[in-house]
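Take a look at the structure below.
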Amino acid sequence: MTSERSTLEDIDRQLNDAVSFCKSEGLSTTEVTKSAKPILDWANRKRRGKRLRNFLKFALLVAVAAFLWESETSYRWLSIGLKMLQMQLLPYWDWTSLFEISCIVSNPYYVGDLGPTEQDCKWMNDYQDVHRLKGLSHDNMTNNYILRNLPVIVLDATADWPATEKFSFSYLQKLYLEDEVYKDCRSCTFVANIPTLGKTEFLKSINTYDSFNSHWMNCEVSCMKSFRKYYRRPYFIPPMVGSSQQNFVIAGKVSEDKSATLVAAQNFPAVDKMTWISQIRGQLHVTLRSECKGVRDIEEIISAGDTLAFNNNIWWLSYRSTGGGESIALGSTGSWDN
């Protein structure tokens, strides 16, 4: 390092001596600059070449990282490696206290979820029946439902979805048990109100049950992406709501004489603020319970083609199939900044 510095100082001294000599010989600053142009051009080319090489290296690094991130195999190995590294770090640093922290660096201007306000509870108390609408605009959805934390049912959001034509118990069986993309995909949440060993065993026997309620969430990246081809983002959800990658399925069947007794409760993760559920086949009886004291539970039946949207930080959802026959719904979540 010392040798390099002394070399640079020697070069700088010689350049200054050369400039001083040229001026002493009567050359103007313009003439000196013109005489030094070949050296300056060479130096600029070297500098530009170095910048270009650094940019290309960075671009290659980003491309490799993106490829590894999108590759299912490398993603799994990377996850395994990081988990092993975390375990190795535990004796030296207890990182578990940071696991539930969503933001390591606090933002003094961020207003977190404070729960329902007094005005929110008043709106909920005055909201006797869930509105059933067609052609719901973004402004209407934002001002009258999202910002007021009120649920709404939209009647025309699934008209052009492939799921409305394809989904049935038999199709779900074939999709999750035989399709190369889905058959090895895990579900981060699987709930059923019947004894079962898991989603795979449940789907194998789905047509043998007389009455049941169930739901599961797609968590593998490949499954989440592939599943989106069966639906589109509901048109009424405004741009301010960012869509979650995860999506889920609700499947049930109930005999008419047992529909009043079979209930499966589901409180979707509160990481995202909005949940939307689109009924694809059959009917679903939903109950929304508010966190506000004194606000009555909302009970609604959503039929094929209906989409229910609500704030799942404010409302707790329970559901059960009703009406007899197959009941299938799909949905996802979304969030926005306060």
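The chain is numbered in sequence order, starting from 1.
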### Query
Between Cys219 and Cys185, does the SG-SG distance stay under 2.5 Å?
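No, because the SG atoms of Cys185 and Cys219 are not under 2.5 Å apart, which misses the disulfide cut-off.
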Rounded distance [0.5 Å steps], [atom1] in [X] versus [atom2] in [Y]:
| X | Y | atom1 | atom2 | answer |
| --- | --- | --- | --- | --- |
| Ser214 | Ile328 | OG | CD1 | 9.5 Å |
| Tyr231 | Arg228 | OH | CZ | 6.0 Å |
| Ser290 | Asn149 | OG | CG | 9.0 Å |
| Ile146 | Ile237 | CD1 | CD1 | 7.5 Å |

Would you please classify the geometry between the [Y] ring and the [X] ring as parallel, tilted or perpendicular, with 30° and 60° separating the classes?
| X | Y | answer |
| --- | --- | --- |
| Phe212 | Phe169 | tilted |
| Tyr145 | His131 | perpendicular |
| Tyr230 | Phe167 | tilted |

### Query
Would you say the side chain of Ile153 lies within less than 4.5 Å of the side chain of Ile302, judging by non-hydrogen atoms?
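Yes, their side chains come closer than 4.5 Å.
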### Task
Please identify each residue that fulfils salt bridge (Lys or Arg N to Asp or Glu O under 4.0 Å) with Glu165, with sequence neighbours left out.
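Scan of Glu165 (salt bridge (Lys or Arg N to Asp or Glu O under 4.0 Å), adjacent residues dropped) gives none.
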### Query
Just checking, any donor-acceptor pair under 3.5 angstrom between side chains of Gln279 and Thr158?
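There is no such pair (donor and acceptor under 3.5 Å, judged by atom type) between the side chains of Gln279 and Thr158.
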### Query
Going by atom types only, do Asp139 and Asn143 share a side-chain donor-acceptor pair under 3.5 Å?
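Distance-only check fails for Asp139 and Asn143.
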Heavy atoms from other residues, nucleotides or ligands near [atom1] of [X] exceed 12 (cutoff 6.0 Å):
| X | atom1 | answer |
| --- | --- | --- |
| Arg289 | CZ | no |
| Gln245 | CD | no |
| Gln88 | CD | no |

Are the side chain of [X] and the backbone of [Y] linked by a donor-acceptor contact shorter than 3.5 Å?
| X | Y | result |
| --- | --- | --- |
| Glu291 | Ile314 | no |
| His138 | Tyr235 | yes |
| Tyr176 | Tyr171 | no |

#### Entry: Shortest non-hydrogen contact from Pro151 toward Ile298
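What the structure gives for the nearest pair is CG-CD1, 4.1 Å.
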#### Entry: Contact summary for Arg232 and Pro162, nearest pair of heavy atoms
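Looking at all heavy atoms of both residues, the shortest contact is NH1-CD, 3.6 Å.
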### Message
The test is side chain to side chain donor-acceptor pair (under 3.5 Å); show your working for Tyr182 and Asn218 and say whether it passes.
### Response
CA-CA 9 Å; Tyr182 293 87; Asn218 298 314; over 6 Å; no
### Query
Which pairs count as salt bridge (Lys or Arg N to Asp or Glu O under 4.0 Å) when at least one residue sits in residues 214-223, sequence neighbours excluded?
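Those involving residues 214-223 are Arg186-Glu220.
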Ignoring hydrogens and angles, write down the donor-acceptor pairs under 3.5 Å from the side chains of residues 48-57, residues two or more places apart or on other chains.
{"from": "Asn54", "atom 1": "ND2", "to": "Lys50", "atom 2": "O", "distance (Å)": "3.3"}

